[in-house]
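Below is one structure, written out as structure tokens; comments come after it.
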Amino acid sequence: MTETLLVLEEGIELGAVFALMAMGLALIYRTVRFLNFAHGTTFIISAYLTWYLISSVGLSYPLGVAVALCVAFLFGAAIELCILRPLRGKPEFELTAIIATIGLIFIGENSIRALAGSRVKMIPEMVTGNLLYGGISLPFQRILIIVVSVSVLLLVTLFLRKTKQGIAIRAIHQSTDVAGLLGINVGRMYLYTLGIGSILAGIAGIFLSALHTLSPGAGFEPLFMAFIVIVFGGIDSIEGTLYSAFLLGIVKSFAATYLGIGWGDVILFAFMTIMLIFRPSGLAGRRIE
Amino acid sequence: MKGKSKYPLAACILIGLAIVLPIVVRERYFVTIAVQFLVWVAVAQWWNYLVGNARIFSMGQIIFFGIGGYASAWMCLTFGLSPWVGMVIGGFAGAAFGLVVSLPCLRLRGIYVALFTIAFLIMLQKLFVQQPLEPFTGSTEGLLGIPHFGIGPLEFQAFNRVPYYYLILGITSASFFALSRLINSKWGLAITALGDSETYAKSLGVNPVQTRILIFSIAAFFTGIVGSFYAHYSSVIGAGIFSIEMTIYYFVIMTIGGLGKREGPFLGALVFLVFYQLLAEWGPYRFIVLGVLLVLILTRMPSGLSTIVESAKVALMRIIQSCLHKLMRP
């Protein structure tokens, strides 16, 4: 029983990180109409930056995280300004934009390798100590991660529903042209969306690397998870993405514990394939095309 | 289309040069590099056709490369088959996987193909090291001691592996000509038509899904053959063959050369080779330069280096023409 609870907790925690990652990806895809392969690069850059600022520069934890997230925002905005703007409007935008972000993965990973070396790094624990309750010992850090992730997700959902900018972003999703006609500055909204999406990836990066270790190629695994999550949940739906992130997180955690580490990913892939065959629009998505 | 040469002159000249090359350069290092280069070209030309011309955004050609290798290696190790038979099996195993992969995703929009193939690639990487599959994949160790190619008593490993160079040269050229034939065939024309306007092509009776699945499987077949070659050549294969790193390399090769251009993979592989092998002491910096180059090419020069070759060709023709004019003048 205790073990099951612990596995469940790990699943929720994994789901929270997936949700952060996938929500950023889905938000960018819905609005900017482009699949950001550099999302994993944002993830890993923020994590490395946090590690650097805290371990080498000696900033305090909140300050280091804040700076890293600002950089994540700027990185997202830079993707829009340097890559998407010149490509937009040209034929095959969806394809060329993806290949360009594949180039960014290449640049990001090797820059980290050049600057920080290939050796594995560790981010220090955010909070120390364990919660002891009824024979269960749970590190405070894990509770913190779940709480913060869920609040961030709620905040973003609120932002999309209540604020002027959020409504503008959703309007662009419905129709870019009409949104433009209504006086929404579409280009600026693209910038915001990429920035916010990248911040979400950055938070996911910091959290996951606080739990595990950091290496230059570590950004790909979460990106792959986020892909599976958005396909499973419906690439166009924020709610679907959230549900599927937590569902798949728990599934992965159980599969990895009871079947063996590598099986978690294999089973998630099977979930995605079944969904693609029988319901290509995903858990909560509408019909495609 | 009919009047166009199926076997471009330039390709024939290059292949002729490549046949003579090992006689001039007699170093083992050269053979290693040249084999690597030809493997890249062989895989990239089909991949490039899929992404650039057929608009099938596959990110998983490495799947068929690996499957071809594993299938051939396993058959040869278990049943003692000749690697030549193994290579054919590798090709068909690749094609079969191509069919399996294409069924769930080719009905859907381009983006799903990319997502599905890359997820499949990573899944295989994890799956192939699992215990239950050990008899087929050798688990984390992979399959070791895969037999070398040979003709009669002659093993290809001998003579500084030069026979391997000729074998992959043959495979690459054969698949180049096969691709040329395909492009000029009914199916190739259907693909071109689909690229120009899907609605119009449909109205002329082209079945987009069927055509794409066919092209995808043929590409997987040739990639499987190359994969099988590679497995026998290096005589080991492990789950690391399903690598994201390689996928990125291929995208760099295709984009720098020029997406959808016939000469693209050749040019791209050449540039990549220079960076990868000759500038190895630059360490990770050489990849940063390549990445920046890729982004610049995509944003400023979408046809990649083939643009330069194209304009060089035009300039050359003009010079020849003016020379001829001067000679002809009475």
Side-chain angles (χ1 to χ4, degrees), chain A residues 29 33-35 37 82-87 90-92 94-115 118 216-217 220-221 223-225 227-228 230-231 235 259-270 272-277 280 288-289, chain B residues 51-52 55 57 59 100-101 103-105 107-112 114-116 118-132 140 195 239 244-245 247-252 254-256 259-260 282-300 302:
Chain A
Y29 183 76
R33 288 279 133 203
F34 126 87
L35 195 64
F37 269 68
C82 304
I83 291 183
L84 299 184
R85 283 249 163 111
L87 289 178
K90 286 189 190 159
E92 301 286 316
E94 223 174 35
L95 192 147
T96 47
I98 289 182
I99 300 178
T101 44
I102 293 177
L104 277 187
I105 299 178
F106 208 43
I107 299 174
E109 194 183 319
N110 286 296
S111 305
I112 289 174
R113 209 159 265 154
L115 296 173
S118 302
F220 223 93
E221 193 85 17
L223 179 69
F224 159 68
M225 289 302 153
F227 283 165
I228 291 189
I230 60 172
V231 172
I235 210 163
L259 294 174
I261 297 273
W263 286 106
D265 296 334
V266 177
I267 284 177
L268 291 201
F269 178 79
M272 178 181 104
T273 311
I274 292 166
M275 189 59 102
L276 265 185
I277 292 173
I288 308 164
E289 279 177 322
Chain B
V51 175
R55 321 278 151 109
F57 198 177
M59 291 196 63
V100 170
V101 169
L103 287 178
C105 64
R107 280 183 307 130
L108 301 164
R109 279 181 305 172
I111 211 82
Y112 281 91
L115 284 172
F116 185 78
I118 196 132
F120 197 81
L121 178 72
I122 300 173
M123 194 273 295
L124 283 181
Q125 195 185 342
K126 300 265 158 76
L127 187 67
F128 268 42
V129 297
Q130 296 302 326
Q131 271 312 313
T140 38
I244 307 287
E245 206 71 39
T247 307
I248 297 179
Y249 288 174
Y250 276 111
F251 270 94
V252 173
M254 294 188 294
T255 317
I256 289 184
L259 278 172
W282 287 16
Y285 292 101
R286 69 190 194 281
F287 293 130
I288 301 175
V289 175
L290 271 178
V292 172
L293 196 62
L294 179 143
V295 173
L296 282 179
I297 279 185
L298 271 177
T299 46
R300 320 254 163 227

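Quick note on labels: first sequence line is chain A, next is B, and so on, each numbered from 1.
- The contact between B:Leu298 and chain A is made by backbone and side chain atoms together, counting heavy-atom distances below 4.5 Å.
- Interface remark: B:Leu124 contributes no atoms to any contact with chain A (heavy atom separation under 4.5 Å).
- Two rings, from B:Phe120 and A:Phe269, have their centers less than 6.0 Å apart.
- Residue contact with chain B, scored on non-hydrogen atoms closer than 4.5 Å, involves the side chain of A:Ile105 exclusively.
- Only the side chain of B:Glu245 comes within less than 4.5 Å of a heavy atom in chain A; its backbone stays farther off.
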Open item on the list: Checking B:Lys126 against A:Glu221 for the salt bridge (charged side-chain N to carboxylate O under 4.0 Å, His left out) test, could you report, in this order, the C-alpha distance in whole Å, the side-chain angles of both residues, the deciding distance, and whether it holds?
Closed with: CA-CA 11 Å; B:Lys126 300 265 158 76; A:Glu221 193 85 17; 2.7 Å; yes

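- No side-chain heavy atom of A:Asp265 sits less than 4.5 Å from a side-chain heavy atom of B:Met123.
- With chain A as partner, the option from B:Ile288, B:Leu294, B:Leu293, B:Ile118 having the largest number of non-hydrogen pairs under 4.5 angstrom is B:Ile288.
- Of the two parts of B:Met59, only the side chain, counted from C-beta on, holds a non-hydrogen atom closer than 4.5 Å to a non-hydrogen atom of chain A.
- Annotation: cation-pi pair B:Arg55/B:Phe57 absent, no NZ/CZ under 6.0 Å from the ring centroid and within 45° of its normal.
- Between the side chain of B:Arg286 and the main chain of B:Gly283, a donor-acceptor pair closer than 3.5 Å is present.
- In this structure, B:Tyr112 and A:Val231 have side chains that are in contact, with non-hydrogen atoms separated by less than 4.5 Å.
- Of the two parts of B:Thr299, the backbone and the side chain both hold a non-hydrogen atom closer than 4.5 Å to a non-hydrogen atom of chain A.
- The side-chain heavy atoms of A:Ile107 and B:Phe287, taken from C-beta on, include no pair separated by under 4.5 Å.
- Taking A:Leu268, A:Ile230, A:Ile98, A:Ile228 one by one and counting their heavy-atom pairs under 4.5 Å with chain B, the maximum is reached by A:Ile98.
- With a 4.5 Å cut-off on non-hydrogen atoms, B:Tyr249 touches chain A through its side chain but not through its backbone.
- Contacts between B:Val292 and chain A at a heavy-atom distance below 4.5 Å involve backbone atoms as well as side-chain atoms.
- Both the backbone and the side chain of B:Val51 come within contact range of chain A, each with at least one heavy atom under 4.5 Å from a heavy atom of that chain.
- Both the backbone and the side chain of A:Phe227 have a heavy atom closer than 4.5 Å to some heavy atom of chain B.
- Counting heavy atoms from C-beta on, the side chains of A:Thr101 and A:Leu35 never come closer than 4.5 Å.
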